[in-house]
Amino acid sequence: MVLITSSCLVRAGVGAGNLHARTHRSGSICLTGLGTPSRARSGRPNQQAVHAGQGFGQTAGNPSPQKSNKKVSRLQQNLGQNDDEGTASSAQEATTQDWMEVPDLDVRSAFLSKPIKAASLPGGRVLMFYKVGETFFCSAANSTAFKYPLADASIIQVKGKPAVEVRLDGTVYDLASGKVLSWCPKNNLFRKAIGSLKDKQDPIDLEVYPVKLASRGRLLVKL
């Protein structure tokens with residue numbers, strides 16, 4: 001609602017008795033009257049536009065192009081900055097989610113008595129962790145030939161590289177790649193008997209996972 005007082009009419013040069021009001025779609029009110037004496041003598045009506053919140057004689061519409069461009073530029077910059085921050089945050093979150101901390105396994109004490117240690121991850125999955133010098137490895141918990149627990153395996157060296165030998169059937173895996181180096185060798189009577197059961201089966205590599213040392217003596221594993 002626009003309130004038009006007598007003082008406004010005086011400033012507009014329109015007499016109350018000669019006043020005609022017309023409302024435009026833009027929200028402005030056009031006052032038409034004989035207005036000032038010069039206008040009256042010419043016979044041409046005097047028109048003044050009143051815009052809500054702006055007053056007489058001002059034009060409704062958008063702000064100046066320069067101000068509008070500055071606002072658009074600032075808005076684009078803010079949106080771009082937010083997108084960059086969101087991307088960086090998402091990338092960081094994804095990187096963190098790729099690695100899982102191994103609970104209840106402190107390398108400062110876990111490998112003191114034996115270089116092989118089983119540990120459960122959240123959800124109940126069990127993995128096997130190995131310490132060779134200052135390097136850590138991780139694999140599935142059981143061997144691939146007879147699903148024998150690797151907790152009783154032995155760490156050996158094959159051509160200068162760390163490997164793990166299954167106690168039951170003697171299968172040897174490369175710790176870094178999980179490749180089978182020796183598949184069910186028949187190097188004693190017992191292994192000869194069980195090894196014959198795998199004569200027609202192709203060697204199955206051991207699943208291994210990247211592992212790294214985090215702070216506070218914790219290990220991170222990437223599944």
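These numbers come from a predicted model, not from an experiment. All residue numbers refer to positions in the sequence shown, counting from 1.
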For residues [X] and [Y]: do they belong to one hydrophobic cluster (side chain heavy atoms under 4.5 Å, members Ile, Leu, Val, Met, Phe, Trp, Tyr)?
X	Y	result
Val102	Leu213	yes
Leu150	Ile156	no
Tyr148	Trp183	yes
Val107	Val126	no
Val164	Val180	yes

Give the minimum heavy-atom separation between [X] and [Y], together with the two atoms involved.
X	Y	value
Pro103	Ser120	CG-O, 3.5 Å
Trp99	Pro210	CZ3-O, 3.7 Å
Ala176	Val208	O-CG2, 3.8 Å
Asp169	Phe146	OD2-CD1, 3.4 Å
Met100	Pro122	SD-CD, 3.8 Å
Val221	Cys138	CG2-SG, 3.9 Å

Is there a side-chain contact between [X] and [Y] (heavy atoms, below 4.5 Å)?
X	Y	answer
Leu181	Lys159	no
Tyr173	Val166	yes
Gln157	Pro162	yes
Val132	Phe137	yes
Lys114	Asp152	yes

(message) Tell me whether Asn188 at atom CG has more than 12 heavy atoms from other residues, nucleotides or ligands lying less than 6.0 Å away.
(response) yes
(request) Assess whether atom CG of Leu189 is packed by more than 12 heavy atoms of other residues, nucleotides or ligands within 6.0 Å. (result) no
Interatomic distance, [X] atom [atom1] to [Y] atom [atom2] [nearest 0.5 angstrom]:
X	Y	atom1	atom2	value
Phe129	Tyr209	CZ	OH	10.0 Å
Leu105	Phe111	CG	CZ	5.0 Å
Thr144	Gln201	OG1	CD	7.5 Å
Ser143	Glu165	OG	CD	12.0 Å
Leu219	Leu127	CG	CG	11.0 Å
Lys117	Asp106	NZ	CG	11.0 Å

(request) Quick one: list whatever passes side-chain hydrogen bond (donor to acceptor under 3.5 Å, both in side chains) with Asn142, sequence neighbours left out. (result) none
(request) Return yes if some donor-acceptor pair links the side-chain N/O of Lys198 with the main-chain N/O of Cys184 below 3.5 Å, else return no. (result) no
(request) Would you check if the side chain of Asp174 reaches a backbone N or O of Ala163 as a donor-acceptor pair within less than 3.5 Å? (result) no
(request) Could you tell me whether Lys186 and Asp199 have a side-chain N and a carboxylate O separated by less than 4.0 Å? (result) yes
(message) I need the full list of side-chain hydrogen bond (donor to acceptor under 3.5 Å, both in side chains) pairs touching residues 211-223, with sequence neighbours left out, sorted by first then second residue.
(response) none
